[in-house]
Amino acid sequence: MSTKRKIGLGIAGLLLMIGLILLAARDRLAQRAFDTAIEQNVGVDRSAALPDGIHVYVCGSGSPMPDADRAGPCLAVLAGRQGFVFDAGAGSIRKLGRMGFPMDRLQGAYLTHLHSDHIDGLGELLLQAWIAGSRGTPLPVSGPTGTDQVIAGLIQAYKIDSGYRIAHHGPAVARPGGFGGTAQIIDLPEGQPSKVVYDQGGVKITVIRVIHDPIKPAFGYRLDYKGRSIAISGDTIYAPDFVTAAKGADVMFHEALNPKMIGAMQEQLAKRGRADSAKIMADIPGYHASPEDAARAAKEAGAKALVLYHMVPAPPAKLIERLFVGDAPKIYSGDLRLAHDGILVHLPAGSQAVDYSEAF
């Protein structure tokens, strides 16, 4: 055998040995990475390190339009040791779980209105509150007239599933009394713009009438805790009562629809013979706020920061965000941000700071 051939076979053997070593090492590295991820994340209370104050989890910043990156509208709030969820759009509760929200601290859910895109994740919230939250009593769900019908329907829809879980995990884990929700109808008399609906443990929640006709009533909310506060618009056009109730809030979370973008979508749909869809696009700007409307509300309320969430259509890329906000920065000179799923907004007690972090 020639020297050249011997060298070639030697190199081939060496490469084969290296390949086998790397293959074995790859499996060991994969196992090590998996074990590390388990150790760092599973069963860990990621909220334990948060300072006392208000912490807002953006669990859904999208709209009914298909979006792989954004869940339907949802904001969860941790105020001290108490947790609350405001609306539960599609996919939002899984995002909330990924963000490490402590379900065992959940006191209740609050609905702004009963449009499907704000409640189509509510069934999953009830299940997660029950099992992940180790609840022994149904979750209180507060909202407008009709909330009781929604909760009753979800209980019926998930009743078979609940029986399976109790049988599988046992009543000590899947506590039968914790399944489902208890509807609490918020009665805000006509002519009354707002009222306190929760006041316990230093946390005060105020419901606010907003304008989302023909949906009546539609609500926004304000939450106060230890001198810090947030205001949540829900779906509305510019609403003077919301501005009044949000006066001095540290952060205003406001929905926003860009009418020019929706108009362009309407025109394209009409060109392609999609008359029904084009009609819907023509209708929706009439009961949503533009980014400029949201900026006006934040300016008049004196909010320290404005976070746009539940955006229609949600900008698919950073480059388009500037188009979406339009002239809003000219109206509101404070800290204006576009939300995305996974962002947390922190308002530490005893401070004026508004901080942001990423959960994933």
Side-chain angles (χ1 to χ4, degrees), residues 23-62 67-109 120-136 139 158 161-162 164-165 168-170 172-175 178-179 230 253 307 309 314 337 339-349 353-360:
L23 185 62
R26 183 190 66 180
D27 289 343
R28 288 197 297 273
L29 288 172
Q31 185 65 53
R32 188 180 302 171
F34 176 76
D35 292 342
T36 299
I38 292 293
E39 182 180 352
Q40 292 179 349
N41 294 289
V42 175
V44 175
D45 182 1
R46 289 158 61 184
S47 69
L50 296 174
D52 191 20
I54 296 175
H55 305 277
V56 183
Y57 295 65
V58 180
C59 35
S61 60
D67 193 325
D69 297 319
R70 297 178 188 267
C74 174
L75 297 173
V77 180
L78 193 61
R81 300 287 299 179
Q82 301 185 67
F84 307 90
V85 171
F86 295 85
D87 286 340
S92 62
I93 306 309
R94 297 189 184 190
K95 293 284 183 78
L96 191 58
R98 189 178 173 195
M99 294 178 77
F101 182 82
M103 277 290 175
D104 57 336
R105 298 191 206 169
L106 185 61
Q107 302 299 308
D120 46 17
L122 187 55
E124 187 168 6
L125 175 61
L126 296 181
L127 290 174
Q128 289 300 319
W130 174 35
I131 300 298
S134 301
R135 293 191 66 86
L139 181 71
Y158 286 92
D161 175 83
S162 71
Y164 293 152
R165 295 181 187 278
H168 188 192
H169 304 299
V173 172
R175 299 160 177 83
F179 167 68
I230 63 168
F253 292 85
V307 176
Y309 83 112
R337 300 188 181 223
H340 56 268
D341 294 8
I343 192 173
L344 284 95
V345 184
H346 308 282
L347 286 69
V354 177
D355 302 317
Y356 302 85
S357 68
E358 301 285 345
F360 53 78

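All heavy atoms count here, side chains included; hydrogens, waters and symmetry mates do not.
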Tell me the closest heavy-atom pair linking [X] and [Y], and the distance in Å.
X	Y	result
G91	A71	C-CB, 3.6 Å
I131	A174	CD1-CB, 3.9 Å
P102	Y57	CD-OH, 4.0 Å
S357	H346	OG-NE2, 2.7 Å
A88	I93	CB-CD1, 4.1 Å
F101	V77	CE1-O, 4.0 Å

Any donor-acceptor N/O pair, [X] side chain to [Y] backbone, under 3.5 Å:
X	Y	result
R105	M103	no
R135	L106	yes
R165	L127	no

Exercise. Please name the residue in the list S61, S92, C74 that meets the side chain to side chain contact (heavy atoms under 4.5 Å, CB included) test with D341.
Key: S61
Drop me the distance from [X]'s [atom1] to [Y]'s [atom2], to the nearest 0.5 angstrom.
X	Y	atom1	atom2	value
L96	L75	CG	CG	10.5 Å
R70	Y309	CZ	OH	13.5 Å
T36	Q31	OG1	CD	10.0 Å
D69	K95	CG	NZ	7.0 Å
M99	L344	CE	CG	4.0 Å
I343	F360	CD1	CZ	10.5 Å

Quiz item: Would the number of heavy atoms belonging to other residues, nucleotides or ligands and lying under 6.0 Å from CD of E39 be above 12?
Solution: no
Self-check item: Other residues, nucleotides, ligands: >12 heavy atoms within 6.0 Å of R81 CZ
Solution: no
Quiz prompt | Non-hydrogen side-chain atoms of L122 and L125 separated by less than 4.5 Å | solution = yes
Practice problem: Given side chain to side chain contact (heavy atoms under 4.5 Å, CB included), test Y158 with L126 step by step and report yes or no. | Solution: CA-CA 10 Å; Y158 286 92; L126 296 181; over 6 Å; no
